[in-house]
Amino acid sequence: MAMDALHRSLGVHRVLEPAGVLPQAAARLDADPRIGPDEVRIAVHRLNLDAASYRQLAEEHGGEGDRVRAAVLGIVERRGKMHNPVTGSGGMLIGVVDEVGDDSPLGLEPGQQVATLVSLTLTPLRITDGLARWDGRSEQVPAAGTAVLFARSIAAVLPEDLPQEVALAVLDVCGAPAATERVVHRSGHRPSVAVLGAAGKSGCLSLAAARDARAGRLVGVVRDEREAAALRAARLADEVVVADATDPLAVAAAVGPPVDVTVVCVDTPGAEHGAVLATADGGTVVFFSMATSFSAAALGAEGMAADVTMLVGNGYTPGHAALAMDLYRHSPGVRSLIEPRVRAS
Ligand code: NAP
């Protein structure tokens, strides 16, 4: 592929500053809704803010909905994308395909309901309704506006059998079960697995994926007794234990014998050292949480002389969307944990 075509396919032509970086690294994107021949315009219906991003904004603004809404509008206005400058994370969106450039390779057609599976941190976005229908108190944001997909973006046509809010929530975290499945498969004979944040959306999907991939002992680590009761009722883990994921000694004590694989699905910072301590030598930690400090993880493992492989939870794995939707459809336990979260949002 010629260099110009590669740059365009990645969206480099939409970067306003600093020039020459990829859209995800950009401070500001051009969110002009007029599309080029290889682009697709989406009429936006709903944003799903990344859990770590929403939590950070809610905490910064004391949970006051109006201030959170103003903050999100300000970020999108300033950056041409919903890219939280503190957490560095975004989320994703759903909408209807509005216009497809003649040379777009994405195979989309106008009128299709889609979810974008590339992060909002690199998606040119313009909001036109001032987020007037959002109270600022949930990760899911009813919105009107436009978003632009590049030739190398990914979008999934929304399934017709599930409510849009559910599809959006599941697709947002679909990289977690896919990464877990892959690591369990690669870890040899029936590895033991612990999931931190196991009663959350990505956490319960990761537990279900680990079980389907024939993991051995499955431990779900949750924040409190309320979540423990919900996770026990969901029957997704062999052991459910309560520990603050940011307290390394408590996590290690709660997990007990170190596991072969630990998946970090909490939405708060500070879970790096507990995850490393809970993992056996030669094991693997998957840091799916965007609240992870990768320097804290690396230096912490070194400081504990822990011989663990640490993986950044890539949001993309081939087939990740279909895998997550299937887990949701076929696992009553997953549904029992995700549905109330979606209803509350
Ligand atoms: P979620 O549904 O809110 O689940 C997070 C869970 O962690 C909740 O059950 C939460 O409990 C629990 N938790 C928070 N702090 C804890 C603590 N100190 N100790 C124990 N448990 C704690 O979040 P999600 O949507 O699954 O997202 C989880 C993470 O995935 C986020 O950090 C998000 O940024 C990340 N993510 C990554 C990608 C990627 O591509 N890698 C894509 C999307 C999302 P409470 O509900 O009681 O607070």
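Both ligands and their constituent atoms are indexed starting at 1 by order of listing. One is the number of the first residue; the rest follow in order along the sequence.
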Q: Identify whether the distance between the nearest side-chain nitrogen and carboxylate oxygen of Arg126 and Glu77 falls below 4.0 Å.
A: no
Q: State yes or no: do Leu162 and Leu337 share one hydrophobic cluster built from I, L, V, M, F, W and Y residues joined by side-chain heavy-atom distances below 4.5 Å, directly or via other members?
A: yes
**Q.** Ligand-residue contact atoms, ligand 1 with Ser289, heavy atoms, under 4.0 Å
**A.** 29 (C), 30 (O), 32 (O), 35 (C)
Q) Which atom pair, heavy atoms only, marks the closest approach of Ala71 to His61? A) CB-NE2, 3.5 Å
(Q) Give me the residue, atom name and distance of the protein heavy atom closest to atom 24 (P) of ligand 1. (A) Ser202 OG, 3.8 Å
**Q.** Nearest protein heavy atom with distance in Å, relative to atom 23 (O) of ligand 1
**A.** Ala51 CB, 3.5 Å
**Q.** Contact check: Val266 vs ligand 1, nitrogen or oxygen atoms, below 3.5 angstrom
**A.** yes
Q) What protein heavy atom sits nearest atom 40 (O) of ligand 1, and how far off is it? A) Gly315 CA, 3.1 Å
Q) Is the CZ atom of Arg190 crowded by more than 12 outside heavy atoms at less than 6.0 Å? A) yes
Q.
Using a 3.5 Å cut-off on N or O atoms only, is Arg55 in polar contact with ligand 1?
A. yes
Q) What atoms of ligand 1 come within less than 4.0 Å of a heavy atom belonging to Gly313? A) 39 (C), 40 (O), 41 (N)
Q | Minimum non-hydrogen distance to atom 2 (O) of ligand 1, winning option of His320, Arg223, Glu227, Lys201 | A | Lys201
**Q.** Atom CG of Asp4: over 12 foreign heavy atoms under 6.0 Å
**A.** no
Q: For ligand 1, indicate whether the residue Asp267 contacts it via side chain, backbone, both or neither (heavy-atom separation under 4.0 Å).
A: both
Q) Between Arg46 and Gln164, do the side chains contain an N or O donor and an N or O acceptor separated by less than 3.5 Å? A) no
Q. Do ligand 1 and Thr268 have nitrogen or oxygen atoms that lie under 3.5 Å from each other?
A. yes
Q) With respect to atom 18 (N) of ligand 1, which of Leu49, Val342, Leu337, Asp244 exhibits the smallest heavy-atom separation? A) Asp244
Q. Would you say Ser89 contacts ligand 1, with heavy atoms under 4.0 Å as the rule?
A. no
Q) Which protein heavy atom lies closest to atom 8 (C) of ligand 1, and at what distance to 0.1 Å? A) Arg341 NH2, 3.5 Å
Q. Is there a nitrogen or oxygen of Phe288 sitting under 3.5 Å from a nitrogen or oxygen of ligand 1?
A. yes
**Q.** Sidechain-backbone polar pair: Asp260 side chain, Ser192 backbone, donor-acceptor under 3.5 Å
**A.** yes
Q) Any chance CZ of Arg329 has more than 12 other-residue heavy atoms, nucleotides or ligands included, within less than 6.0 Å? A) yes
Q: Answer yes if the side chains of Gln56 and Thr87 hold a donor-acceptor pair under 3.5 Å, and no otherwise.
A: no
Q | Shortest non-hydrogen separation from Phe150 to Leu122 and the atoms involved | A | CE1-O, 3.5 Å
Q. Is Ala243 near ligand 1, meaning one of its heavy atoms is under 4.0 Å from it?
A. yes
Q) Does some side-chain heavy atom of Lys201 sit less than 4.5 Å from a side-chain heavy atom of Glu139? A) yes
(Q) Please check whether Met290 reaches ligand 1 - meaning an N/O of the residue sits under 3.5 Å from an N/O of the ligand, judged on distance alone. (A) yes
(Q) Determine whether Arg223 and Asp244 satisfy the following criterion, side-chain contact (heavy atoms from CB on, under 4.5 Å), listing intermediate values before the conclusion. (A) CA-CA 6 Å; Arg223 186 209 276 283; Asp244 177 353; 5.8 Å; no
Q. Which ligand 1 atoms, with their elements, are less than 4.0 angstrom from a heavy-atom of Ala52?
A. 32 (O), 34 (O)
Q) Does Ala245 approach ligand 1 within less than 4.0 angstrom via side chain, backbone, both or neither, non-hydrogen atoms only? A) both
Q.
Do the side chains of Arg211 and Asp238 get close enough for a salt bridge, i.e. N-O under 4.0 angstrom?
A. yes
Q) What protein heavy atom is closest to atom 4 (O) of ligand 1, reported as residue, atom name and distance in Å? A) Gly200 CA, 3.3 Å
Q) Would Leu171 and Met92 count as a side-chain contact (heavy atoms from CB on, under 4.5 Å) if you check the C-alpha gap in whole Å, the side-chain angles of each, and the deciding distance to 0.1 Å? A) CA-CA 9 Å; Leu171 290 171; Met92 33 103 62; 3.7 Å; yes
Q) Which heavy atom of the protein is the closest neighbour of atom 43 (C) of ligand 1, given with residue, atom name and distance? A) Asp172 O, 3.2 Å
Q.
Looking only at distances, can you tell me whether any N or O atom of Gly203, backbone or side chain, sits closer than 3.5 Å to an N or O atom of ligand 1?
A. no
Q) Which residue owns the protein heavy atom closest to atom 33 (C) of ligand 1, what's the atom, and how far is it? A) Asp50 OD1, 3.1 Å
Q. Got the closest protein heavy atom to atom 28 (C) of ligand 1, with its distance?
A. Cys265 O, 3.2 Å
